[in-house]
Asker: 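Have a look at this one.
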Amino acid sequence: MAEAFDVAVVGGGGAGIAAAVSAARLGVRTLLLERSDVLGGNAGNALVHTICGLYLPASDGDAVYAHEGFPREFSELLVAAGGAAEAEKAGRVWVLPTYPHVLAQTARDLCDRTDNLTVWMGCEVVEAEVDSSVVRLRVARRAEAHFVRAAVCVDASGDASLAALAGAAWNSVDGDRLQNPSFIVRLRGVPSSATDGFARMRLSTAVARAERLQVLPPGAGSILVRPGPTVGEAYLTLNVPKPSERPYSPLDEAEVEDLGAIARDHVEAVVSFLRSSRDGFEECEVVEWPRRIGVRETRRIVGRSVVEASDILSGRRSDDEVALSTWPIEIWDDHKGARFEYPHAPTSVPLGALICRDYGRIGAAGRCLSATHEALGALRVIGTSMATGEAIGITSALAAKAATDLAEIDPVDVRALRARS
């Protein structure tokens, strides 16, 4: 027997949480499926500790939210829970520094108190079948098989895994063009002066120089440091080189595990270097390791429309807009640093980019929405992912209530409901 839901959301990252909560609030029975044991996606599992794309581009004065709906609500919940610092200006953008363990708990608490929402953790969709009125899923949950029927499904997996299982078209780029992953740890025993202003840059420069002098192994020299949740703590991000002997394949679990093991060795080498060479780091140690490496890009769906780099850079707005993109195109095609292209103005994310071209009952949000490789460099960040998740969650609830395809829903109605949330 299959358990019936109106909306099923695959993936419990920022996009999936936003989609599931937004759909459930409109009164439809909603299921959120997450393969790990924590919510938050790369924040909860890979210790990504900033929310980007939450605000309008930086200008004089305070940070201004780009979205008044779920992204703002969640960030304010996070601040109230002690899970975020004040918004931080970084050149031409604003970011919200966060603490991943608090973010994951805040997400779980929000889901638990949302009516009409069921959350299944530790599960993976292994089969998907779509017909004109229903999506059928077979789910492996803690070594048991479960069957789900839903009027509408949302792919917020980050990997377009639901769309791929259903046989829908998806896009990707060759492994040598995929963005490099990251590996983030939380340190203790870090002098507070090392995480202030230019001191962070000096620390990164010292580690890069140590790699050039072969004090550190190749690939261990590209790091970033940010303050942690308490005094004496910091997050250290190691930008991980892609394999040199074969194409990078982040959907290959064995390869991801291998990269994670290498990255762990590199972090231990960096910590040892800091202890022996930097004043105040004598007691430095890792107190939290990520559950997995931070993958920035894999597959994305082919949607009813495609967001392109020219749309992002020109600040194109459209009548079918349901969310905004405000982050620059950020591409990590070299682990030593990202390249940035800044948009002229905020850009529309059209509803068609969140609807699967092949199946009108499958939507998408976050990292696997319909966009080119370059455009995804702007759209994949957490703030924008929550905005697209909220938009497709609302669309899914309206479609489920009307027993119709996602494409039949008017973007004007979606925008109106987002504005009221």
Side-chain angles (χ1 to χ4, degrees), residues 42 46-50 52 88 90-91 95 97 99-100 175-176 178-246 248 250 255-296 330-340:
N42 268 345
L47 303 187
V48 171
H49 49 277
T50 54
C52 304
E88 180 180 295
V95 300
Y99 310 132
D176 60 350
L178 287 171
Q179 298 201 54
N180 287 67
S182 64
F183 190 83
I184 304 172
V185 301
R186 180 156 58 102
L187 302 177
R188 185 166 53 201
V190 177
S192 57
S193 59
T195 60
D196 293 337
F198 286 108
R200 302 195 312 218
M201 186 181 300
R202 289 194 293 270
L203 195 63
S204 296
T205 300
V207 171
R209 183 172 183 272
E211 182 190 7
R212 290 196 302 272
L213 295 176
Q214 300 182 356
V215 175
L216 289 172
S222 179
I223 68 157
L224 300 169
V225 177
R226 282 186 175 273
T230 62
V231 174
E233 292 190 344
Y235 291 106
L236 183 148
T237 300
L238 174 74
N239 291 304
V240 180
K242 289 178 282 195
S244 58
E245 68 279 5
R246 62 185 182 277
Y248 172 46
E255 177 170 312
V256 169
E257 288 183 9
D258 288 345
L259 285 175
I262 294 169
R264 187 183 181 103
D265 290 343
H266 286 177
V267 165
E268 289 176 339
V270 169
V271 171
S272 178
F273 165 74
L274 295 175
R275 283 200 299 259
S276 64
S277 66
R278 309 290 292 185
D279 291 341
F281 281 86
E282 293 82 6
E283 303 298 322
C284 181
E285 61 178 345
V286 177
V287 292
E288 185 177 9
W289 295 93
R291 289 174 173 83
R292 63 174 184 251
I293 204 165
V295 174
R296 290 187 169 104
E330 176 188 352
I331 303 291
W332 287 86
D333 49 15
D334 185 336
H335 76 284
K336 294 182 180 179
R339 55 183 174 89
F340 290 85

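These values consider heavy atoms only, across backbone and side chains, with no hydrogens, waters or symmetry-generated copies. Counting from 1, the numbers follow the sequence of the chain as shown.
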Asker: Classify the angle between the aromatic ring planes of His49 and Tyr235 as parallel (below 30°), tilted (30 to 60°) or perpendicular (above 60°).
Answerer: parallel
Asker: What's the separation between atom OG in Ser193 and atom CZ in Arg202, rounded to the nearest 0.5 Å?
Answerer: 8.5 Å
Asker: Just how far is it from atom CG of Leu47 to atom CZ of Arg292, taken to the nearest 0.5 Å?
Answerer: 10.5 Å
Asker: Among residues two or more places apart or on two chains, list those pairs meeting side chain to side chain donor-acceptor pair (under 3.5 Å) that have a residue in residues 269-287.
Answerer: Arg188-Glu285
Asker: With rounding to the nearest 0.5 angstrom, report the NZ to CD distance, Lys242 to Glu255.
Answerer: 11.0 Å
Asker: Above 12 or not: heavy atoms from other molecules or residues under 6.0 Å from CZ of Arg339?
Answerer: yes
Asker: What are the two closest heavy atoms between Ala269 and Pro217, and how far apart are they?
Answerer: CB-CD, 4.0 Å
Asker: When you measure from the side chain of Lys336 to the backbone of Ala208, do you find a donor-acceptor pair of N or O atoms at a distance under 3.5 Å?
Answerer: no
Asker: Test Val270 against every option in Leu236, Val185, Leu187 by the side-chain contact (heavy atoms from CB on, under 4.5 Å) rule and name the one that passes.
Answerer: Leu236
Asker: State, to 0.1 Å, how close Ala220 and Val207 come at their nearest heavy-atom pair, and which atoms those are.
Answerer: O-CG1, 3.7 Å
Asker: Under the rule for salt bridge (Lys or Arg N to Asp or Glu O under 4.0 Å), what residues qualify as partners of Glu211, not counting sequence neighbours?
Answerer: none
Asker: Testing the basics here: between Pro191 and Gly280, what is the closest heavy-atom pair and its distance to 0.1 Å?
Answerer: CD-O, 3.3 Å
Asker: For Pro229 and Tyr99, which heavy atoms make the closest approach, and how far apart are they?
Answerer: CA-CE2, 3.6 Å
Asker: To the nearest 0.5 Å, what is the distance between OG (Ser182) and CD1 (Ile293)?
Answerer: 7.0 Å
Asker: Less than 4.5 Å apart, any side-chain heavy atom of Asn239 and any of Leu224?
Answerer: yes
Asker: Check Val240 against Asn180 and note the closest heavy-atom contact, atom names and distance.
Answerer: O-ND2, 3.0 Å
Asker: Are the side chains of Leu259 and Tyr248 in contact, using a 4.5 Å heavy-atom criterion?
Answerer: yes
Asker: Which atom names give the shortest non-hydrogen contact between Val267 and Val286, and what distance separates them?
Answerer: CG1-CG2, 4.1 Å
Asker: A side-chain contact here means heavy atoms from C-beta on lying under 4.5 Å apart; do Pro250 and Arg296 qualify?
Answerer: no
Asker: Rounded to the nearest 0.5 Å, how far does CZ of Phe281 lie from CG of Leu203?
Answerer: 5.0 Å
Asker: Looking at Thr50, Ile184, Thr195, which one forms a side-chain contact (heavy atoms from CB on, under 4.5 Å) with Arg226?
Answerer: Thr50
